[in-house]
Amino acid sequence: MIYPSAKCTHRPPHGDALIPPHGGYRKLKSFQMAELCFDVTVRFCERYVDRRSRTHDQMVQAARSGTQNIVEGSAASGTSKRTEMKLTDTARFSLEELRRDYRDYLRQRGLKEWSYSESLRQELIDTRCESAEDVAAWVRETRARLGHNGRRPTYAEIAANAALVLIAVACSLLDRQLASLGKRFLEDVGFTERMYRMRSQHRGEQLP
């Protein structure tokens, strides 16, 4: 381990960092929810989508892209807010593509897609599942108590709708994140401007 000496500093003159703190994507609610969507989708595809079909690969890749672009955007945030915004928007687009795949799955099989007034949507949100296993347990419990009077939904139908609810939450979080990034982009000094200012400060301090 290397310990910094008293003379070593990671900040330029006047305490203004060239590259501000960045990363920390694991703390983002949007990443946590996108990662949950990814894990749920992998589990869903393993059980209900033919592994040999293009749909299987497309759904898994779209879900992975949702998380990966948030990670890459967070890594880029120190030097380019524009790149961070672009990658975050790409993550949002990937999840929208995944939402379309789940809706197609339900439609093509004659299964019901929950309306926005469906009480199960809020019930799942309030459950605050943290893993794909938590979601699967909720799906099993929900099916066990549904359909005693009339049509009984399949596991796949409940699971697909549960994924759609989680995707909607992730997209909402990304919308808020993009709005916040847009505001900061307009307010914050950019990397190029910081570099120019710090060079000017450094040259000024070197003058006799």
Side-chain angles (χ1 to χ4, degrees), residues 24-71 73-74 88 90-178:
Y25 61 88
R26 291 190 178 278
K27 296 181 181 179
L28 293 173
K29 293 294 184 181
S30 60
F31 172 78
Q32 294 168 13
M33 186 56 64
E35 187 175 54
L36 179 57
C37 291
F38 176 39
D39 293 343
V40 165
T41 296
V42 170
R43 186 186 183 98
F44 181 89
C45 289
E46 287 177 349
R47 284 160 175 75
Y48 305 118
V49 182
D50 187 345
R51 184 180 293 274
R52 296 166 296 181
S53 70
R54 290 187 60 189
T55 300
H56 183 288
D57 292 340
Q58 288 172 350
M59 291 181 70
V60 172
Q61 287 302 317
R64 181 181 182 277
S65 178
T67 58
Q68 196 64 26
N69 279 286
I70 295 173
V71 173
S74 179
T88 303
T90 301
R92 173 68 169 78
F93 177 81
S94 296
L95 290 178
E96 195 63 50
E97 180 182 349
L98 180 63
R99 173 153 48 185
R100 182 72 263 172
D101 286 333
Y102 275 110
R103 284 177 169 169
D104 285 343
Y105 179 92
L106 292 170
R107 177 179 55 80
Q108 291 168 358
R109 289 162 179 78
L111 302 176
K112 178 184 177 182
E113 179 180 345
W114 294 343
S115 68
Y116 284 102
S117 62
E118 171 59 63
S119 60
L120 289 173
R121 293 174 61 89
Q122 191 60 46
E123 180 184 315
L124 174 58
I125 293 172
D126 292 341
T127 302
R128 297 184 180 278
C129 297
E130 296 184 354
S131 67
E133 289 70 24
D134 290 344
V135 177
W138 183 85
V139 169
R140 290 192 296 269
E141 187 275 330
T142 299
R143 186 174 188 274
R145 58 187 167 85
L146 289 181
H148 296 297
N149 297 315
R151 176 182 174 276
R152 190 179 192 187
T154 65
Y155 285 114
E157 180 178 323
I158 301 173
N161 277 289
L164 284 169
V165 172
L166 298 176
I167 292 169
V169 173
C171 286
S172 177
L173 290 169
L174 284 171
D175 286 341
R176 296 180 194 176
Q177 186 174 334
L178 283 166

Gln108 atom CD, neighbour heavy-atom count above 12 within 6.0 Å: yes
Crowding at CZ, Arg109 (>12 non-hydrogen neighbours, <6.0 Å): yes
Can you tell if the side chain of [X] reaches within under 4.5 Å of the side chain of [Y], non-hydrogen atoms only?
X	Y	answer
Ser65	Gln61	no
Glu157	Leu106	yes
Leu146	Arg152	no
Leu174	Ile70	yes
Asn69	Phe93	no
Tyr102	Thr41	yes
Ile125	Val165	yes
Trp114	Leu164	no

Table please: side-chain donor-acceptor pairs of residues 30-40 below 3.5 Å, with sequence neighbours left out.
| unit_1 | atom_1 | unit_2 | atom_2 | d |
| --- | --- | --- | --- | --- |
| Ser30 | OG | Gln177 | OE1 | 2.4 |
| Gln32 | NE2 | Arg26 | O | 2.9 |

Interatomic spacing from [atom1] in [X] to [atom2] in [Y] - rounded to 0.5 Å:
X	Y	atom1	atom2	answer
Arg121	Leu124	CZ	CG	9.5 Å
Glu97	Ile167	CD	CD1	11.0 Å
Asp134	Thr127	CG	OG1	9.5 Å
Gln58	Ser53	CD	OG	8.0 Å
Gln68	Thr90	CD	OG1	12.0 Å

Salt bridge present between Glu96 and Arg99 (N-O < 4.0 angstrom): yes
Salt bridge flag under 4.0 Å for residues Arg107 and Asp104: yes
Candidates Arg47, Arg54, Arg52 - the one meeting salt bridge (Lys or Arg N to Asp or Glu O under 4.0 Å) with Asp50: Arg52
Verdict with supporting geometry, Tyr105 and Tyr48, ring-ring contact (aromatic ring centres under 6.0 Å, His included): CA-CA 10 Å; Tyr105 179 92; Tyr48 305 118; 7.1 Å; no
Heavy-atom closest contact (Val135 atom, Ala162 atom, distance): CG1-CB, 4.3 Å
Heavy-atom pair with the smallest gap, counting every atom of His56 and Glu46: NE2-N, 4.3 Å
Side chain to side chain contact (heavy atoms under 4.5 Å, CB included) evaluation trace for Leu120 with Trp138: CA-CA 10 Å; Leu120 289 173; Trp138 183 85; 4.2 Å; yes
Any donor-acceptor N/O pair, Asn161 side chain to Lys112 backbone, under 3.5 Å: yes
